[in-house]
Participant: 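If you scroll down you'll find the structure; I have some questions about it.
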Amino acid sequence: MRRVARRVEFFQGTLAQQSEIENVRIFDTTLRDGEQSPRTSFSYEEKRDIAAMLDSMGTHVIEAGFPVNSDAEFEAVADIAAATDATTCGLARVVDKDIEAALDAGVDMVHTFVSTSDVQLADSMHASREEAVERAVHSVERVRDAGVEVMFSPMDATRTDEAFLIEVVEAVTDAGVDWINLPDTCGVATPTRFAKMVKTVREHTDAEIDVHTHDDFGLASANAMAGFEAGASQAQVSVNGIGERAGNAAYEEVVMSAESLYGVDTGIDTTQITKLARIVEAASDIPVPANKPVVGRNAFSHESGIHAAGVIENADTFEPGVMTPEMVGATREFVLGKHTGTHSVRKRLEDIGYEPTDAEVREVTRRVKDTGAEKERINDETLKAFAQNVGVTTKEDTEEVRV
């Protein structure tokens, strides 16, 4: 069974309330925006492997790439589209050759975009507002005429004049767009402001709303969840949060926030999240920080004596409870170091085959703390050496005495 039961009810606490979100769809852009991370390039095989993993986990949409970019990119997108059950999406500018390349790749959805902020129109696209609207409508109509699902993004929506944003949204809605993606292209949104924009756009379209948030101020995942609260149906995310500049809303953070904090069944196999993160980490050559939420090596690790003692007694004391390591395919770890307490040392000694007395635990703990204070790593071999020096009896020794 996919779902691992939660062991504590989050909503019994001071934040008790009914969930603001009913449904959450995940649009993964690891293979497109994620690959746009500086100094990152996925091989054909890596793209196929990541797509297969995302597909097997139940990811709703996989943005496989930018088909017009190169022959190799086209082939990768086409192969992913043919091999996956998930909705496969190809990116296209509001340019005929881009649209045709995406359609020829056989994707289920074409994601087309045009800049709408004045700064990008003037200094990136070198186009007027009128030209932007005309190109957007033409591209949406071309995809619709081909019988393919179409998503439109007013790029840099959060820095776009509101009246013009509404004008563009209404124009592509009239053209028959299926999805309107609202991108915080430069990561300047805050949750309250972003939610307000989503609500405003909802009033001017009957298309489904999708959000794309960047992490320049560390708010991407929070903004994505604010988008859901405001009525968005889908969020664009990338594994480990990789992407342009500081990256995107992280797949693992958005999925687990939806599952654990909002109680929404996304349909995604969360037990594969840590494995997915390691695959993308290796392929992207972008190390996952130790303190990264959900998939960092410290996410379920404990060193502090007070915390470790509590977790050994009941993991819900100093972990969220609604998100356990088992739910994301991770393992809990008790790290030995300067802040370690006797509970962690006793447990670790017992795990590696010793039966220490209280006095022996205290002495080994002292040595662990002293070594940790020197910033030296303490592994099982180090702990065995301490135990032998202190004279701690092993379980095998005890069995021999009994015999």
Participant: When the ring planes of His111 and Phe27 are compared, do they come out parallel, tilted or perpendicular, using 30° and 60° as the limits?
Facilitator: perpendicular
Participant: Of all residues at least two apart in sequence or in a different chain, which pass the side chain to side chain donor-acceptor pair (under 3.5 Å) check with Glu170?
Facilitator: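 Here the qualifying residues are His204.
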Participant: Regarding Trp179 and Glu149, do their side chains bring together a donor and an acceptor under 3.5 Å, going by distance alone?
Facilitator: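 Side chains of Trp179 and Glu149: pair found under 3.5 Å.
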Participant: Just checking, any donor-acceptor pair under 3.5 angstrom between side chains of Thr160 and Thr116?
Facilitator: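 There is such a pair (donor and acceptor under 3.5 Å, judged by atom type) between the side chains of Thr160 and Thr116.
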Participant: Using the test side chain to side chain donor-acceptor pair (under 3.5 Å), find all partners of Glu281 that sit at least two apart in sequence or belong to another chain.
Facilitator: none
Participant: Could you tell me whether the side chains of His212 and Asp184 share a donor-acceptor contact shorter than 3.5 Å?
Facilitator: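 Side-chain D/A pair, His212 to Asp184: absent.
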Participant: Give, for atom CD of Glu208 and atom CG of Asp178, the distance between the pair rounded to the nearest 0.5 Å.
Facilitator: 9.0 Å
Participant: Write down the atom of Gly65, the atom of Glu73, and the distance for their closest heavy-atom approach.
Facilitator: CA-OE2, 3.2 Å
Participant: Under 3.5 Å, is there a donor-acceptor pair linking the side chains of Glu259 and Thr266?
Facilitator: yes
Participant: If you apply the rule side chain to side chain donor-acceptor pair (under 3.5 Å), what do you find for Thr340 with Ser344, and how did you get there?
Facilitator: CA-CA 7 Å; Thr340 296; Ser344 289; 5.7 Å; no
Participant: Are Lys275 and Met53 packed together at the side-chain level, in the sense that at least one heavy-atom pair is separated by less than 4.5 angstrom?
Facilitator: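 Side-chain contact under 4.5 Å: yes.
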Participant: Between Val364 and Leu383, is any pair of side-chain heavy atoms under 4.5 Å apart?
Facilitator: yes
Participant: State whether a side-chain donor-acceptor pair under 3.5 Å links Thr185 with Asp156.
Facilitator: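 Note: Thr185 and Asp156 side chains miss the donor-acceptor criterion.
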Participant: Going by the rule side-chain contact (heavy atoms from CB on, under 4.5 Å), which residues pair with Asp285 if we only count those two or more places apart in sequence or in a different chain?
Facilitator: none
Participant: Could you point out which residue of His138, Arg142, Arg135 forms a side-chain hydrogen bond (donor to acceptor under 3.5 Å, both in side chains) with Asp96?
Facilitator: His138
Participant: Distance check, rounded to the nearest 0.5 Å: Asp55 atom CG versus His60 atom NE2?
Facilitator: 11.5 Å
